[in-house]
Amino acid sequence: DGGDMNMGGQPVPVIEGNFNRLLPIPNTVSGNTTLAAQATTANINGSNISVLGYQANDILGPAIRVNSGINTNINFQNDLSEKSNIHWHGLKIPANMDGHPAALVNPGSSFNYQFTINQRAGLCWYHPHPDRATGRQSFQGLAGLFIINDAEEAALNLPTGIYEIPLVIQDKRLTSSGITYNPSMGEVMSGYMGETIIVNGEASPYTEVATGFYRLRILNGSNARIYNLALSNNADMIIIGNDGGLLKNPATVKSVLLSPGERLDILVNFAGLTTGTEVFFESRMFDNGGSAQGKQGFKIMKFIITQTIYDSFTLPASLSSVNAISPSSSSKTRNFIINAMQMSDGMNMTGIHRINDKIYDTYRIDENVSANAIEIWVFDNSQGDEPHPMHLHGVHFQVLERSGGRAQLTASENGWKDTVLVMPRETVKIIIPFSTLTGVFVFHCHNLEHEDDGMMLQYQLT
């Protein structure tokens with residue numbers, strides 16, 4: 001055990017830009033489309049650099065927007081020089097469509113992802129998931145949003161059109177030629193972080209807003225960096241949704257942690273601000289994030305108030321029907337110990353991050369689960385020194401409790417989730433209603449360096 005060795009990663013300081021480039025908005029496509037993973041170029045921070053993308057001349061794929069109930073047909077063309085695939089993060093779809101790490105598409109080949117959208121409105125996303133290459137392919141640009149709408153959400157008359165802004169927050173290491181990805185041993189420990197924060201593919205952008213309510217649809221699309229989101233004027237942020245869609249009731253906060261893979265749906269009201277006022281979306285310092293996280297506050301993007309309007313939107317007191325699952329309905333509790341670093345073969349650092357002292361093996365089923373079962377899973381990081389956002393494929397779950405560390409749930413952890421942040425010294429208990437989508441799915445840490453290092457197991461639903 002290398003617990004006495006200083007193997008923890010170091011903070012990677014963010015270098016703020018000058019917030020003078022306009023925030024891009026991803027183009028929107030339907031559920032019948034083609035995504036071509038390719039080496040391309042994108043203009044970031046005023047320079048054309050080499051990136052990977054799902055469309056030409058862009059670092060982000062298009063936002064796929066669909067209504068619940070429709071059938072999708074998405075043709076994935078792999079124009080990379082290596083194997084890849086697409087995982088539909090947050091979608092409850094059959095195992096053979098989920099983008100399992102072993103279900104790869106060869107260079108020059110294609111695959112049709114066809115599935116029915118059988119879930120409530122929410123913000124999901126897509127990214128590659130090849131074993132041991134997820135971190136690199138994602139960091140170099142492969143990602144995109146997947147937005148589901150439904151009648152329940154439409155009835156709320158939430159801000160829409162230009163008042164609904166998707167925000168994909170990522171950190172990158174930019175050079176004059178491209179995006180660098182070469183994690184050191186310490187960065188496998190802490191996760192790979194970049195010095196430049198990009199939003200929707202642009203570094204330190206700004207956007208113009210009017211004096212009313214805006215709906216910000218936020219994805220932490222970073223490999224490892226956790227953000228403590230807040231507004232520079234300390235205004236309220238009203239959380240209306242998370243990974244799995246709308247909350248039961250709105251929750252008002254001044255700041256909220258967002259770990260890799262997690263999503264947030266928040267309302268911000270710019271009413272009462274005078275034209276010309278600038279408000280920054282920022283990440284504040286936070287405690288208990290291990291040796292590399294939360295050590296710095298920095299600005300992410302800028303809002304400039306340019307127009308005074310009359311806004312008639314009123315916040316609904318109730319958003320959605322979310323029924324809490326009783327722990328007594330669980331038929332089984334499974335415990336997952338997040339292991340501290342193990343040193344083997346001298347300084348050969350592979351499989352540092354483990355679950356129940358196991359690393360990923362595509363030929364081994366780690367957990368057998370019965371279809372339609374309700375189970376409690378416990379992620380125990382009580383002996384750990386690193387944060388771990390734990391993500392389950394194929395399901396949504398509810399967070400029951402957190403002990404140790406922060407010792408409580410956050411406002412964004414009500415409702416339905418697919419990723420939950422387990423900080424050092426914390427144990428988090430979730431309850432999962434499994435479906436009839438039989439097959440093999442993975443669950444893993446969404447710090448992508450941890451995942452690629454083996455912090456991923458498989459469950460089979462039968």
Side-chain angles (χ1 to χ4, degrees), residues 11-25 44-45 159 162-172 193-222 225-242 250-260 262-289 293-309 311 313 315 410-412 421:
V12 177
V14 168
I15 302 169
E16 292 178 2
N18 46 23
F19 303 97
N20 62 1
R21 299 182 190 281
L22 190 63
L23 175 76
I25 301 297
I44 305 175
N45 218 11
I162 62 170
Y163 300 100
E164 178 186 9
I165 306 178
L167 299 175
V168 181
I169 304 173
Q170 300 170 299
D171 58 341
K172 302 294 182 190
M193 293 177 236
E195 80 296 322
T196 302
I197 306 296
I198 69 171
V199 187
N200 296 354
E202 183 57 277
S204 302
Y206 77 92
T207 192
E208 297 181 348
V209 294
T211 53
F213 275 96
Y214 281 78
R215 183 183 186 185
L216 306 181
R217 313 291 299 271
I218 308 166
L219 161 68
N220 181 348
S222 296
R225 193 181 287 276
I226 300 166
Y227 302 93
N228 185 21
L229 299 174
L231 293 164
S232 60
N233 62 347
N234 212 36
D236 287 341
M237 300 185 297
I238 304 165
I239 302 174
I240 60 169
N242 58 9
T252 300
V253 298
K254 295 294 187 185
S255 65
V256 57
L257 286 178
L258 194 66
S259 68
E262 287 187 300
R263 285 88 70 206
L264 270 179
D265 196 344
I266 69 173
L267 298 177
V268 172
N269 188 7
F270 294 105
L273 298 177
T274 56
T275 303
T277 302
E278 298 182 348
V279 177
F280 286 93
F281 205 26
E282 60 187 21
S283 181
R284 295 180 176 171
M285 293 172 66
F286 57 91
D287 297 326
N288 197 32
Q293 300 267 17
K295 308 297 185 187
Q296 177 195 13
F298 51 85
K299 299 180 181 75
I300 294 171
M301 63 170 291
K302 181 169 71 174
F303 298 100
I304 308 173
I305 287 78
T306 57
Q307 190 181 3
T308 303
I309 61 167
D311 183 5
F313 174 77
L315 180 69
T410 67
S412 61
L421 177 58

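For reference, positions follow the sequence shown, starting with 1.
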Task: Distance flag, aromatic centroids of Tyr163 and Phe313, threshold under 6.0 Å - done: no
- [ ] For the residue pair Arg217 and Glu164, establish whether any side-chain heavy-atom pair is separated by less than 4.5 Å.
- [x] yes
Task: Residue pair Leu421 / Glu262: nearest heavy atoms and the distance that separates them - done: N-OE2, 4.2 Å
Open item on the list: Test your reading of the model: is there a side-chain donor-acceptor pair from Asn45 to the backbone of Ala203, 3.5 Å cut-off?
Closed with: no
Task: Residue that, paired with Tyr227, satisfies side chain to side chain contact (heavy atoms under 4.5 Å, CB included) out of Ile197, Val256, Ile218 - done: Ile197
Open item on the list: If you count heavy atoms of other groups shown closer than 6.0 angstrom to CG of Asp287, is the number above 12?
Closed with: no
Task: Nearest heavy-atom neighbours spanning Asn20 and Asn18 - done: OD1-OD1, 2.7 Å
Open item on the list: To check you understand the geometry: which heavy-atom pair defines the closest contact between Leu22 and Glu202, and what is its length?
Closed with: O-CG, 4.1 Å
Open item on the list: Donor-acceptor pair, distance only, cut-off 3.5 Å: does the side chain of Asn200 make one with the backbone of Pro24?
Closed with: yes
Task: Working for side-chain contact (heavy atoms from CB on, under 4.5 Å), residues Ile165 and Leu23 - done: CA-CA 10 Å; Ile165 306 178; Leu23 175 76; 3.8 Å; yes
Task: Interatomic distance, Met285 atom CE to Lys295 atom NZ [nearest 0.5 angstrom] - done: 7.5 Å
Task: Val253 to Ala411 - nearest heavy-atom pair and separation - done: CG1-CB, 3.7 Å
TODO: Take Leu231 and Phe303, measure what side-chain contact (heavy atoms from CB on, under 4.5 Å) needs, and give me the verdict at the end.
DONE: CA-CA 10 Å; Leu231 293 164; Phe303 298 100; 4.3 Å; yes
Task: Separation of Thr410 OG1 from Ile239 CD1 (nearest 0.5 Å) - done: 7.0 Å
Open item on the list: Please find the pair of heavy atoms, one from Ile309 and one from Thr211, that lie closest to each other, and give the distance.
Closed with: N-OG1, 2.9 Å
- [ ] Say whether Asp171 and Ser222, considering side chains only, have a donor N or O and an acceptor N or O under 3.5 Å apart.
- [x] yes
Task: Intermediate values then yes/no, side-chain contact (heavy atoms from CB on, under 4.5 Å), Val14 and Ile300 - done: CA-CA 10 Å; Val14 168; Ile300 294 171; over 6 Å; no
Open item on the list: Distance check, rounded to the nearest 0.5 Å: Asp265 atom CG versus Ser412 atom OG?
Closed with: 12.0 Å
TODO: Decide whether a cation-pi geometry holds between Lys299 and Phe280; the criteria are a distance under 6.0 Å from NZ or CZ to the six-membered ring centre and an angle within 45° of the ring axis.
DONE: yes
Open item on the list: With rounding to the nearest 0.5 angstrom, report the CE to CZ distance, Met237 to Phe281.
Closed with: 5.5 Å
Task: Closest approach of Glu195 to Val12 (non-hydrogen atoms, all atoms of both residues) - done: N-CG1, 4.1 Å
Open item on the list: Between Gln170 (side chain only) and Ile198 (backbone N and O only), is there a donor and an acceptor less than 3.5 Å apart?
Closed with: no
Open item on the list: Quick one, Lys172 with Ile44, criterion side-chain contact (heavy atoms from CB on, under 4.5 Å). Give me CA distance, side-chain angles, the key distance, then yes/no.
Closed with: CA-CA 11 Å; Lys172 302 294 182 190; Ile44 305 175; over 6 Å; no
- [ ] Could you check Glu278, Glu282, Glu16, Glu208 and say which one makes a salt bridge (charged side-chain N to carboxylate O under 4.0 Å, His left out) with Lys302?
- [x] Glu278
Open item on the list: Return the CD1 to CG distance between Ile240 and Leu264, rounded to the nearest 0.5 Å.
Closed with: 10.5 Å
TODO: Please round to the nearest 0.5 Å and tell me the distance separating atom CG of Asn269 and atom CG of Asp236.
DONE: 9.5 Å
- [ ] State whether the side chain of Ser255 and the backbone N or O of Leu229 hold a donor-acceptor pair below 3.5 Å, judged by distance alone.
- [x] no
